[in-house]
Q: 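This is the structure I want to talk about, given as structure tokens.
First the proteins, then the strands, lettered A, B, ... as listed; each starts at 1.
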Number of protein chains: 2
Amino acid sequence: MASSPSTKSNFAPIKTRRAFEVICEQIREQLAAGTLKAGDKLPAERELAVEFQVSRSALREALRSLEVAGIIRNVKGAKGGAFVQTAEPDRIVQAMQDYVHLGDISLGELTEARLALQNIIVRLACARATETDLTELEAIAERTRQETSVEARYACAVEYYAVLARATKNRIFGIFVDSLSAILHEFVRGPDYETLQQSLIESRFKLVRHLRARDEEAAVAEMRKHLERVHRHVRKNSKAAASG
Amino acid sequence: MASSPSTKSNFAPIKTRRAFEVICEQIREQLAAGTLKAGDKLPAERELAVEFQVSRSALREALRSLEVAGIIRNVKGAKGGAFVQTAEPDRIVQAMQDYVHLGDISLGELTEARLALQNIIVRLACARATETDLTELEAIAERTRQETSVEARYACAVEYYAVLARATKNRIFGIFVDSLSAILHEFVRGPDYETLQQSLIESRFKLVRHLRARDEEAAVAEMRKHLERVHRHVRKNSKAAASG
DNA sequence: ATGGATTATTGGTCGGACCATTGAGGTAGC
DNA sequence: GCTACCTCAATGGTCCGACCAATAATCCAT
């Protein structure tokens, strides 16, 4: 059955399989099969090179690829080596950021996706948020109030959204939210942003109150109002930047 | 303001910045700034190495990283080189797949996310799908009926979801859907899958009819019914695999 | 003009060398 | 006996120089 598409062309795509690709693939297979799992340590580079019968350079390119993909982490020194990582969404975020930079994803698409996503999240969080989640959200909102720099407050906002997503007890949403946060961060600029920030804090407290009351519709409405204000600001400043 | 978190530790994180990281960063910067854009060709490796004042090996590791990230594509031969790519969501999908493999994302999380996502998509598609989109969806459903192999039919299903997502006119949703499709593909197994596939085709036609009638609620309901059947199957086979 | 051989360019791989970091073990001094 | 320092081996990071393989432009013979 190897390489026999039933209906289309019968020519197999020509693949100049590079050594490092094959290596990556094999390691990924072991990962999917469970032979390798988070925390495991791969043999030393020089050793692996012998095992795969490739030069150390080729092997290193493979390891580098896996590291960039967030699968392993290379640590130097004695007792160092390549360690299989635990899942971190950073790479997904990075990949999405690259995608937006390379492509022509418009701000409109980003904000629309964000709004729709937060709509789901608020509904789920409303049903599932624990008291711990809610107090944490309040703590973050409170901390936002005390922060002095714009950047610090923005970091708080990102954390607020992340914790809210976590309250859904579904990590997929967390990934999506983190990605959009990172991308939209680049658009959040402008002189009047600071005053906007201030006014958003109260909205965050309100949302928590709605969540605690398990008032889904009110929570959704609050989030929508909240985001629409942010997006108005972003859009305005984006246009200003484009025209300048 | 450099490296002065106001409330936390005052020690800046020690970073042993590796050469290839710095190179990647610089190239990414040029990308974000627009100095580099899709289609551009980077200088030859040997040339770039001189420019960055690093060895060719280090430079190659940087290029390899960027290639794995989907930012550039290396092409061999005269007039070859590293070309800046147009945006492709493949890498995001790959990253998500890695994340799921590494982590312990449960099937429940995946299916829940999928359901919520498709809910949004159907609503948006209902409002925005053009006649072209709808006929394309029908064509795919029709093709599914004619395909003979399980794999080919699954490919059609993936395409159906992709086109549906495209009908929202928001590429972000397309990325999310593609990612989930790729991940959930691994779970779609079992002897009775073929009969399930057959019965799903009719559902796809129904959905298109609802979309054409702009009947949002009916469309959403159909999609929900559709996915719940799939998920029941997947869950059953997943349990069977786990117990075996 | 055409078509094949030649050549220059460029990424892919190789092997070997040295550096920098890190942890372990050993040693001197208290 | 404990601590502080030194030494050393392991390991990733980098460099160099070479050759291979694919590829497109060029040249040459027909």
Side-chain angles (χ1 to χ4, degrees), chain A residues 11-28 36 38-86 88 91, chain B residues 11-28 36 38-86 88 91:
Chain A
F11 297 114
I14 297 178
K15 295 185 190 180
T16 306
R17 307 268 295 168
R18 294 170 289 184
F20 85 93
E21 283 177 318
V22 179
I23 298 174
C24 281
E25 208 170 282
Q26 289 197 25
I27 293 181
R28 272 200 164 95
L36 275 178
D40 288 357
K41 179 180 173 300
L42 270 56
E45 288 184 356
R46 295 164 175 83
E47 207 172 320
L48 268 180
V50 174
E51 198 167 326
F52 280 112
Q53 297 189 13
V54 295
S55 73
R56 203 183 148 206
S57 331
L59 182 96
R60 276 180 64 75
E61 289 195 15
L63 290 185
R64 184 68 61 230
S65 301
L66 294 174
E67 188 194 332
V68 168
I71 292 178
I72 63 173
R73 185 170 137 257
N74 292 318
V75 53
K76 204 153 80 161
K79 294 291 175 185
F83 296 87
V84 178
Q85 284 289 88
T86 55
E88 287 292 336
R91 306 300 157 163
Chain B
F11 297 114
I14 297 178
K15 293 187 192 180
T16 306
R17 309 266 296 168
R18 293 170 289 184
F20 84 94
E21 284 177 317
V22 179
I23 298 174
C24 282
E25 207 170 283
Q26 289 197 26
I27 293 180
R28 271 200 166 93
L36 275 178
D40 288 357
K41 178 178 173 301
L42 271 55
E45 289 183 356
R46 294 164 175 83
E47 207 173 320
L48 267 180
V50 174
E51 198 168 326
F52 280 113
Q53 296 189 13
V54 295
S55 73
R56 204 185 145 203
S57 331
L59 182 96
R60 274 180 64 77
E61 290 195 15
L63 291 185
R64 184 67 62 229
S65 302
L66 294 175
E67 188 193 331
V68 167
I71 293 179
I72 63 173
R73 183 170 138 257
N74 292 320
V75 57
K76 202 153 85 162
K79 294 292 175 184
F83 296 87
V84 178
Q85 285 290 89
T86 54
E88 287 293 335
R91 306 300 158 162

Q: Is the phosphate of C:dG12 approached by B:R64 (side-chain N or O, under 4.0 Å from OP1 or OP2)?
A: yes
Q: Please determine if a side-chain N or O atom of A:S55 lies less than 4.0 Å away from the OP1 or OP2 oxygen of C:dT13.
A: no
Q: What is the distance from CD of B:E67 to P of C:dG12, rounded to the nearest Å?
A: 7 Å
Q: Quick test of your reading of the model: are A:E25 and A:R17 salt-bridged, counting only N-O distances below 4.0 Å?
A: yes
Q: Output the single nucleotide from C:dT13, D:dG12, C:dG11 whose closest atom is nearest the side chain of A:E61.
A: C:dT13
Q: Got more than 12 heavy atoms from elsewhere within 6.0 Å of NZ, A:K79?
A: no
Q: Just how far, in rounded Å, is C1' of C:dG12 from CD1 of B:I72?
A: 14 Å
Q: Can you tell me if A:R60 touches the phosphate of D:dG12, counting only side-chain N or O atoms and a distance under 4.0 Å to OP1 or OP2?
A: no
Q: Just verifying a value: how many Å separate A:N74 CG and A:E45 CD, rounded to the nearest 0.5 Å?
A: 6.5 Å
Q: Which of these nucleotides, C:dT10, D:dG13, D:dC15, is closest to any side-chain atom of A:R56?
A: D:dG13
Q: May I ask you to say whether A:R18 pairs ionically with A:E21, meaning some side-chain N is under 4.0 Å from a carboxylate O?
A: yes
Q: B:L63 CG to D:dT14 P: how many Å, rounded?
A: 14 Å
Q: Taking only side-chain N and O atoms of B:R46, does any of them lie within less than 4.0 angstrom of OP1 or OP2 on C:dT9?
A: no
Q: Counting only side-chain heavy atoms from C-beta out, which of C:dG11, D:dT14, D:dA10 sits nearest to B:A44?
A: C:dG11
Q: Rounded to whole Å, how long is the line connecting atom NZ of A:K76 with atom P of C:dC18?
A: 18 Å
Q: Counting any heavy atom closer than 4.0 Å, what does A:R73 reach on the DNA or RNA strands: base, sugar-phosphate only, or nothing?
A: nothing
Q: Among C:dT10, C:dT13, D:dG12, which nucleotide has an atom closest to any side-chain atom of A:R18?
A: C:dT13
Q: Check every atom of D:dG12, D:dC15, C:dC14 against the side chain of A:V54 and return the nucleotide holding the closest atom.
A: C:dC14
